[in-house]
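Note that the coordinates shown come from a computational prediction; the quantities given were computed from them, not determined experimentally. In what follows, chains carry the letters A, B, and so on, assigned in the order in which the sequence lines appear, proteins first and then strands, with residues in each chain numbered from 1.
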Amino acid sequence: MPTTSATDDRLSKFKNKGKEPSKLRERRIAECVELRKAAKNENFLKRRNITTLPEDADQSPELNTDNHEVTAITIEEVVGDVNSDCKERQTRGCQAARKLLSRECNPPLKEIVEAGLLSRFVEFLGRDDDPSLQFEAAWALTNIASGTSWHTQQVVEHGAVPAFISLLASPMLHISEQAVWALGNIAGDGPAYRDTLIECNVIPALLSRITPDTPVGYLRNLTWTLSNLCRNKNPFPPLSAVQQVLPSLIQLLHLSDQDILSDACWAVSYLTDGANDRIDIVVQTGIVPRLVSLMSFEALTVVTPALRSIGNIVSGSDIQTQVAIDAGVLSVLPSLMRHSKPSVQKEATWAVSNIAAGPAQQIQQLLTCGLLPPLIDLLRNGDFKTQREAVWAITNFTSGGTVEQVIQLVQSGGLEAILNLLTVKDSKTILVILDAINNLFMAAEKMGETDKLCLLVEELGGLDKIEMLQNHENDTVYRTAQALIEKFFTDEEPEGLQTDATEATDTTFAFKTQDVQKTFRF
Amino acid sequence: MGTMELNDGNLQTLTEFMRKTLDPDPSVRRPAEKFLESVEGNQNYPILLLTLLEKSQDNVIRVCAAVTFKNYIKRNWRIIEDEPNKISDPDRTTIKANIVNLMLSSPEQIQKQLSDAISIIGREDFPLKWPDLLTEMVTRFQSGDFHIINGVLRTAHSLFKRYRHEFKSNELWLEIKLVLDTFANPLTELFKATIELCQTHATDINALKILFSSLTLISKLFYSLNFQDLPEFFEDNMETWMSNFHNLLTLDNKLLQTDDEEEAGLLELLKSQICDNAALYAQKYDEEFQPYLPRFVTAIWNLLVSTGQEVKYDLLVSNAIQFLASVCERPHYKHLFEDQNTLTSICEKVIVPNMEFRSADEEAFEDNSEEYIRRDLEGSDIDTRRRAACDLVRGLCKFFEGPVTAIFSGYVNSMLGEYAKNPGVNWKHKDAAIYLVTSLASKAQTAKHGITQANELVNLTEFFVNHILTDLKSQNVNEFPVLKADAIKYVMIFRSQLPKEQLLQAVPLLVAHLQAESTVEHTYAAHALERLFTMRGPNNSTLITPAEMAPFTEQLLNNLFKALALPGSSENEYIMKAIMRSFSLLQEAIVSYIPTLIGQLTHKLLLVSKNPSKPHFNHYLFESLCLSIRITCKANTTTVGSFEEALFPVFTEILQNDVQEFVPYVFQVMSLLLEIHTSSIPNSYMALFPHLLQPVLWERTGNIPPLVRLLQAYLEKGGATIASSAADKIPGLLGVFQKLIASKANDHQGFYLMNSIIEHMPTESIVQYRKQIFILLFQRLQSSKTTKFIKSFMVFINLYGVKYGAIALQEIFDSIQPKMFGMVLEKIVIPEVQKVSGPVEKKICAVGITKILTECPAMIDTEYTKLWTPLLQALIGLFELPEDDSIPDDEHFIDIEDTPGYQTAFSQLAFAGKNEHDPIREVTSNPKILLAQSLHKLSTACPGRVPSMLSTSLNAEALQYLQGYLQAASVQLV
């Protein structure tokens, strides 16, 4: 269980002083379980094509855009048309099916699948002689693949993958684009189908479509599909695939279209959401400065994934973090920490917490670039999720910072701010704060100013709160609070006499040595 | 595993034994309990219990079976790795299949036991091994029977409440997700249905009672399920929940009001939980909760305005106020409070009424002074209304300090006006006024200094002169004791803010109040004096000087000791602490009173030693004794005898009766007395010596530090006497050493003892034991080498080298095992000496190493030569580099508390403390110079060798330092 071991790590760290710097970094843990609504600003895994074509109105007067009439067509009629040998009926049936599937509400995905139409649709994909049939079939399949995993599975199992990949090469741009879209939905289903596509060489086929003349709309779809090919962990996409995609991704990141940038950034954020070697592949491309500049982009849809990517990178090694610092991330973060969206504040603070987990020189750069004031402001007034990240930042800061840096933190109000958060309703956050307090005391010990810090903690109302935590329901929290009180706020007697082999009579202990060992080795 | 048949015979047997377990006679009860324990390993045993609790004709047996069953589950259900499964799998299955039904159909007494059993099983098996538990429970919501529904809700609460405090983990969240999927929707439906039923049964008190307990349980479940994160379901259904919560907050029903003044009623419990729920959302899900928040602020505020003063409302009121306090300091909710009328009415209707002195407070003041003091003085008032009101004042002051101060100033004046009109009737108004001023003015506070930061808008001195001093000056100390206590407390907590003249004016008045009959009042007076005496003025001297105290000294001492005779205060720790502090402040001014006072203190000691019950009182009593001794003997050493005369009889009694709490204190006082002696050790001490070596004394952890200290005093004053007249006790003394160094926790104490032996015992008296001593140390080094041990070990061997010479050290090592000396230098001293801490300890090591380098021929002539430069390098490192305070990872969990110093680190009695002792003060005061001089001497004895050894491998930086030492000593190497 990754989170449990992460907790243990933190605990072992809490009690230990000479710890490895790499352990300090708080890595984003693979969150398999979420209780919340899916975040509103993440990008889509799958998308249904619900565009209404202008020609629908002109060309098919009998199937007008009037929904009433569309629904009037029964599945049976569609089945009859699609299964007939007549080209016109096939096209008409396909189009009718596509329109049903493009309906805003309750498209009959399941019904179409159960009507056994998929093998026909897949067959139609190969009909190079009839582009409009190809197009309608591709569209219908795209929308079915946009459903649940079960729906996508039906599409794949009917052999759509190789057919769509071939279709990418279609000279008709709108048909090729529909194939891109369908493949995006299949890739978005999860790591298994993503890798199926990669094994079928989808990547070179997709990348060959990127040319200086490719229209923006097409590129948007393509970028989104590429992002889905980079997406998902357990397992990650194969390294060879990542290497293949990256150069084009970098190219796309230098365009100016907001949607393309957004999806390209999401792709990078997926690629960097892993171990340091994964991060390294991205950092090596030299894209970090561009990502940093995109963090200041006007559209939130670009800022969010760019920030996420940089956040991932600074959770990597000290060297990787330094690349981001050198690219100027520290001058962008303060404004993001003051962003009007709490979710942006939170992500920015998360990045800060990881930079604060670095060596003292990097902590110094945080100070020099003025990140302490916004950080402390967020501790005081941020929303809870941001406060939690800010607390981590403080704890990491206190554990890796020099005594001088820690003093500056306290003087800037960092201590007061974390002490106020000791009443927060989250056991883990409380524990992390206690860890920070312990670190501060260790710094104070080095300067011989423990008493002064004790008074300060008491003055700021912290002692009361720590004492109250001795009644906390969470074992670890109350023990930690107790240990802190015993260690710094009372003069306790030493305890625990070990039993040993000294022989004793009623009146004295015997002084004698057992058989001398042959040799001593120390 | 054996099996018990499910038959009437076995049921009968169990019934009989169970009845016997209720027998008051232990000779009947115990064997029956033993029997039940002996058969509980059998298959079917729990099933028999369930059968009994369901079907027995005797109600007593049913309940007894239920309790036995619950305890059985508690002991046996958990499967521990590598241990046998204590309940058979078929039994487990049967239990899980039936228990919910059984619980729900049982009467309340049994239901509670079974509900507990379900949560114990659930903790282990839910959800994976008990997948249908929740569905089974949820279907009961449909039953419409609220006896059953409440049973389900109660069980669910005990299953889910751990979500409120456990750390987030995937495992936990998977469980919560599963619970939400099955439980959230039915719970919401039940919530809505229950509220409707409350309306249809609005006039039926019995129905309402049950329905309101359901609502309270549902609200608790809401809290647990929403604690870790905001679940999607509850976000989608926020409107339903929050608007209903809001309605319930504003609801009142005459039928549900209770007459009981103390116990909270159903309505209060429900509203209190709803306040908690709103506070949870406001704190954690602010973004989503924002649209609802203003409504809750209004509702909670109205609730506060309309809730009475009775104790039963306390939890509700303090929860509600805490909610407002947490909201009002958030910048984006500032606007909800900033209107002048809003602020005024919060102050007037919420804060002021909850600061009033209530009859419950009055009762505590008179009859339960200890509890009153703990709440009022020591801050254990977390859940009280006053504390909550105080927090709200502070919260409001974050943005509205000016207006709030202005509003309250008006109230304070009017309350004081009311008081002035008729003090006898309206004294409580003044109490509230003082409390209000205090909470308004204090921004930061510590026990050591009182209020350290005050609201600048409050004129504390003016208030002191006009309203506090007047009360303190009143002739009758027993009139309006609450107000007197308030006034004394005001002086005490604002001591750092008031000018010195005012404090000096207060001192004699406080002294007079030591005689007040009210326990709270004279306790506060003692406490206030004690705090004033600890205050520091310029130059770090005490703020109030002994000279300034001179006019009141006699009165002070008299009144303090008289206060100990007042009813209820015979072991009053505040008074005893004030005595200690007065002694410490007044110093030689108390000498003339000591002959009388020592008698009173000794008498007190004799009394409390019969039954020590107040640890703080006793501690300060011993501290006061130490101070009496120190101060008096400082003026005249010969008076030590009179103290011994006065104290030894009591001490003897304490030691003979083995009063465990006091023995460590006695040893410390004795150490202090013995150390004062200038000539040889008195016989009275020598007679006690053998007893100090008794193993039983050393078994108690608390005795070890003071006993070691006492033995050190014996060795210092009587090393020679022990050698001449108690030589047969030396093995026993060394036995203590052996015992101590075997323990990781106490090994440093063993070294303190050994260092004293080396320093003070005549050489010939211990020569025969030396080799054994080293073997013991090597054995410990071999078996468990901790950083603390190594540090002490290095200090010891270097002290040994300084005392007996480097050659003696090398020879004894090598006599135990060839090349041992080199191994210790190479593996221990050179790599670890940087870790030695403490100036005296470092000096001992420096001098010892210097001797090894310069006075030990084996270091020059033998294969040890290769260690010479590394050792010198390590020594220079010890001089110049920062101390290495790293500790290997595997050692972090031992002895964190023990930081070994050369001196006994144990100083429980501050005033029995020992001075820093340097056993080699005569050798040198500057070890760097000593090193330079010794190297010079060595180089002249064998010219050329030293410079060549230096040039081969000493690093450049070290060499530079060394040249500095040589220059400072004005010597040159040849």
Side-chain angles (χ1 to χ4, degrees), chain A residues 1-4 7 15-18 31-37 342 381 383-384 424-428 431 455 458-461 463-464 468 472-474 476-477 486-487 491-498 500-514 516-517 519-522, chain B residues 164-171 173-174 176-177 227-232 235 280 283-284 286-287 330-331 379 382 444-448 452 690 693-695 701-702 731-732 734-736 738-739 742-746 772 775-776 778 781-782 785 817 820 823 827-828 886-887 889 892 897-898:
Chain A
M1 203 53 45
T3 38
T4 323
T7 313
K15 292 187 177 136
N16 289 281
K17 204 154 64 149
E31 295 293 3
C32 308
V33 194
E34 265 304 336
L35 301 177
R36 282 241 182 196
K37 268 187 192 302
N381 300 320
D383 88 326
F384 174 67
V424 95
K425 292 175 172 53
D426 182 77
S427 308
K428 188 62 187 293
L431 191 65
L455 280 180
E458 191 184 352
E459 257 190 304
L460 297 172
L463 180 57
D464 272 359
M468 252 154 65
H472 200 274
E473 298 254 23
N474 184 301
T476 315
V477 168
E486 277 174 14
K487 194 163 167 198
D491 320 292
E492 279 294 299
E493 293 169 43
E495 52 184 296
L497 180 71
Q498 300 205 337
D500 56 70
T502 313
E503 289 172 35
T505 63
D506 281 350
T507 50
T508 57
F509 287 105
F511 175 63
K512 65 175 187 189
T513 47
Q514 284 114 15
V516 178
Q517 282 152 299
T519 44
F520 290 108
R521 299 232 131 260
F522 309 126
Chain B
R164 300 172 176 197
H165 55 79
E166 293 218 344
F167 294 132
K168 172 183 181 177
S169 72
N170 270 348
E171 196 186 8
W173 282 35
L174 273 174
I176 297 176
K177 215 173 158 59
F227 195 91
Q228 292 270 331
D229 204 346
L230 175 58
E232 182 167 5
E235 186 175 345
L280 176 74
Q283 185 185 83
K284 295 182 87 167
D286 187 40
E287 207 180 351
R330 306 258 195 100
I382 306 302
Q445 185 168 12
T446 70
K448 195 168 174 186
T452 52
L693 304 176
Q694 282 177 45
T701 320
L734 293 171
V736 170
Q738 177 171 358
K739 156 119 184 135
S743 142
K744 282 186 192 171
N746 298 312
Q772 263 176 293
I775 290 173
L776 283 169
F778 291 145
L781 209 49
Q782 177 110 324
K785 188 167 75 168
Q817 182 179 308
M820 174 75 103
M823 181 165 69
K827 298 282 164 64
I828 312 267
S886 68
I887 299 175
D889 277 347
H892 282 287
E897 315 301 327
D898 299 313

Heavy-atom pairs under 4.5 Å with chain A are the metric here; pick the option from B/Leu280, B/Leu734, B/Leu693 that has the most.
B/Leu734

If I measure from the heavy atoms of chain A, does B/Ile828 come under 4.5 Å with its side chain, its backbone, both, or neither?
side chain

May I ask you to check whether over 12 heavy atoms, not counting those of B/Lys448, lie within 6.0 Å of atom NZ?
no

Measuring heavy-atom distances to chain A, does B/Lys827 have an atom under 4.5 Å in its side chain, in its backbone, in both, or in neither?
side chain

Between chain A and each of B/Lys177, B/Gln445, B/Met820, B/Lys284, count heavy-atom pairs under 4.5 Å; write down the option with the most.
B/Lys284

Is there a donor-acceptor contact under 3.5 Å from the side chain of B/Gln228 to the main chain of B/Glu166?
yes

Proximity breakdown for A/Leu460 and chain B, heavy-atom pairs closer than 4.5 Å:
neither

Using atom types as modelled and distance alone, determine if a side-chain donor or acceptor of A/Glu458 lies under 3.5 Å from a backbone N or O of B/Ala447.
yes

Could you tell me which portion of B/Gln283 (side chain, backbone, both or neither) has an atom closer than 4.5 angstrom to a non-hydrogen atom of chain A?
both

Test your reading of the model: is there a side-chain donor-acceptor pair from B/Thr446 to the backbone of A/Glu459, 3.5 Å cut-off?
no

Counting only N and O atoms by type, is there a donor-acceptor contact under 3.5 Å from the side chain of A/Ser427 to the main-chain atoms of B/His165?
yes

